Colleague: 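What follows is a single structure, and I will ask about it in a moment.
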Amino acid sequence: MDSEPLLQQQLDHHQSLAYSNHSSSKILTLPTVLTLGRVAAVPLLIFTFSVDSWWGRTATTSIFMAAAITDWLDGYIARRVCFLPHPLVMRLCSAFGALLDPVADKLMVAATLVLLCSRPLNIAVFGQVPWLLNVPSIAIIGREITMSAVREWAASQNGKLLAAVAVNKLGKWKTATQMAALTILLATRDSSLGETGILVASGVIFLYLSAGLSVMSLVVYMEKIRKVL
C-alpha cells in the first residue's frame, strides 16, 4: 500500500526534472549562447580598447568582427531556420534568445561608438572637426533607444502595430553600413597599417550613411504607425 505513493512521488520527481532540463535547454540554445557571448564581450572590448598597443587594437577589432559575424548568424537562423517545423530546429530557437539578441547588438554598437568618440583617431581632420564622429553616433544611439521604446509599446498593443515596426530593408542596410563603418574605424587605429587616410574617410562616410539610414528608417516606422492608428 505504501509503494503506490512512493512510486507516484518518484514519477513526479522525474517529470519535474525532465521539465527543468527541457526549460534550461530551451533557454540555452546555440543562438542564445552566441548572444550571451556578445554581451560578455562588451566589457572585454572596453578593456582592449584602453590598451595602447598593437595587440590591444587588434584584439578590439577582432572582438567586434566576431560579434558582427555571430549577429549575422543569429539573424540567419531567425529568418531561415526558426520557422521550419522540425524538432532539431525547435531546439535552436527560443523566445529568450529573440528578446536578448537586439539588446546584445545595441550594447556592442553603443559601446563601440562611445569608445571611438572618447578617443578619436590620430588624423588631422579630427583636430579640425572634433565633432565628426559625435553627430552620427548620437543619431544612431538615439534612434536605437527610440525604436526600442516604440517596439515595446507596439508589442503591448496589437498585431498590426507590431507588424508595422518589423525590421525592414532600410534597417538591414543600416546595420550593414554600421558594422562596416565601425570595423574600418577600429581597424585603422592600428598604426602598423601605414597611411590610413582613405580608409578612415571611408569609415566616416559609412558611419554617416548609417546614421542617415537610421533616421530614414525611424521616419518610415513612424509613418507606418500613423497609418495603423
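The structure displayed is predicted, hence computed values, not measured ones. Values below: every heavy atom of this structure, side chains too, minus hydrogens, waters and symmetry copies.
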Colleague: Think Arg226 forms a cation-pi with Tyr221, using NZ or CZ under 6.0 Å from the six-ring centre and within 45 degrees of its axis?
Modeller: no
Colleague: Applying a strict under-4.5 Å side-chain criterion to I, L, V, M, F, W and Y, I'd like to know whether Val114 and Leu133 cluster together.
Modeller: yes
Colleague: For Ile225 and Trp153, run side chain to side chain contact (heavy atoms under 4.5 Å, CB included): C-alpha distance rounded to whole Å, both residues' side-chain angles, the deciding distance at 0.1 Å, then the answer.
Modeller: CA-CA 11 Å; Ile225 291 174; Trp153 168 75; 4.0 Å; yes
Colleague: Do side-chain atoms of Ser210 reach the backbone of Phe206 as a donor and acceptor pair under 3.5 angstrom?
Modeller: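 Between the backbone of Phe206 and the side chain of Ser210 there is no qualifying donor-acceptor contact (under 3.5 Å).
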Colleague: Hey, could you give me the OG1/CG distance between Thr61 and Leu45, rounded to the nearest 0.5 Å?
Modeller: 9.0 Å
Colleague: Identify the heavy atoms of Ser217 and Arg143 that sit nearest to each other, and give their distance.
Modeller: OG-NH2, 3.0 Å
Colleague: Is Arg189 positioned over the aromatic face of Phe49, cation under 6.0 angstrom from the ring centre and no more than 45 degrees off axis?
Modeller: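 Cation-pi check for Arg189 and Phe49: passes.
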Colleague: Are Leu107 and Leu44 connected in a single hydrophobic cluster, I mean Ile/Leu/Val/Met/Phe/Trp/Tyr linked by side-chain heavy atoms less than 4.5 Å apart?
Modeller: yes
Colleague: The test is side chain to side chain contact (heavy atoms under 4.5 Å, CB included); show your working for Leu207 and Leu113 and say whether it passes.
Modeller: CA-CA 10 Å; Leu207 191 63; Leu113 288 170; 3.9 Å; yes
Colleague: Could you measure the distance from the CD1 atom of Ile141 to the OG1 atom of Thr146? Nearest 0.5 Å is fine.
Modeller: 11.5 Å
Colleague: Give me the atom names and distance for the closest heavy-atom approach of Glu144 to Lys106.
Modeller: OE1-CE, 3.2 Å
Colleague: Mind checking whether Leu115 and Val135 sit in one hydrophobic cluster, side chains of I, L, V, M, F, W, Y counted as touching below 4.5 Å?
Modeller: yes
Colleague: Where is the tightest heavy-atom contact between Leu199 and Ser202, given as atom of each residue plus distance?
Modeller: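 That would be O-OG, 2.6 Å.
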Colleague: Identify the heavy atoms of Lys224 and Ala164 that sit nearest to each other, and give their distance.
Modeller: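 Closest approach of Lys224 to Ala164: CD-O, 3.3 Å.
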Colleague: About how many Å separate CD1 of Ile140 and OG1 of Thr177, when rounded to the nearest 0.5 Å?
Modeller: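 So the OG1 of Thr177 and the CD1 of Ile140 are separated by 7.5 Å.
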Colleague: Would Leu218 and Met222 satisfy side chain to side chain contact (heavy atoms under 4.5 Å, CB included), going step by step from the backbone distance to the final call?
Modeller: CA-CA 6 Å; Leu218 180 61; Met222 292 304 177; 3.8 Å; yes
Colleague: Enter the distance from Tyr208:OH to Leu213:CG here, rounded to the nearest 0.5 Å.
Modeller: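 So the gap between those two atoms works out to 14.5 Å.
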Colleague: Enter the distance from Leu161:CG to Ser156:OG here, rounded to the nearest 0.5 Å.
Modeller: 8.5 Å
Colleague: What closest approach, in Å, do Ala67 and Met108 show between heavy atoms, and which atom pair accounts for it?
Modeller: CB-CE, 3.8 Å
Colleague: Same cluster for Val39 and Phe64 if Ile/Leu/Val/Met/Phe/Trp/Tyr side chains link at under 4.5 Å?
Modeller: yes
Colleague: Taking distance alone, no hydrogens or angles, what donor-acceptor pairs closer than 3.5 Å link side-chain atoms of residues 178-187 to residues at least two apart or in another chain?
Modeller:
residue : atom : partner : partner atom : Å
Thr183  : OG1  : Met179  : O            : 2.7

Colleague: Okay, side chain of Arg151, backbone of Val165: is any donor-acceptor separation there less than 3.5 Å?
Modeller: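 Side chain of Arg151 to backbone of Val165: a pair is present.
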Colleague: How would you list, by chain and number, every residue that makes a side-chain contact (heavy atoms from CB on, under 4.5 Å) with Ser53, sequence neighbours excluded?
Modeller: Val51, Trp55
Colleague: Can you measure from CD1 (Ile69) to CG (Leu34) and round to the nearest 0.5 angstrom?
Modeller: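 If we round to the nearest 0.5 Å, Ile69:CD1 and Leu34:CG are 11.5 Å apart.
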Colleague: With side chain to side chain contact (heavy atoms under 4.5 Å, CB included) as the criterion, how do Asp105 and Thr175 come out once you've worked through the C-alpha distance, each side chain's angles and the decisive distance to 0.1 Å?
Modeller: CA-CA 10 Å; Asp105 301 339; Thr175 301; over 6 Å; no
Colleague: Taking only residues two or more places apart in sequence or in another chain, which ones pass side-chain hydrogen bond (donor to acceptor under 3.5 Å, both in side chains) with Thr60?
Modeller: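 Testing Thr60 for side-chain hydrogen bond (donor to acceptor under 3.5 Å, both in side chains), a comparison that skips the adjacent residues, returns Thr48.
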Colleague: Do you reckon Ile205 sits in the same ILVMFWY cluster as Leu116, going by side-chain contacts under 4.5 Å, direct or chained?
Modeller: no
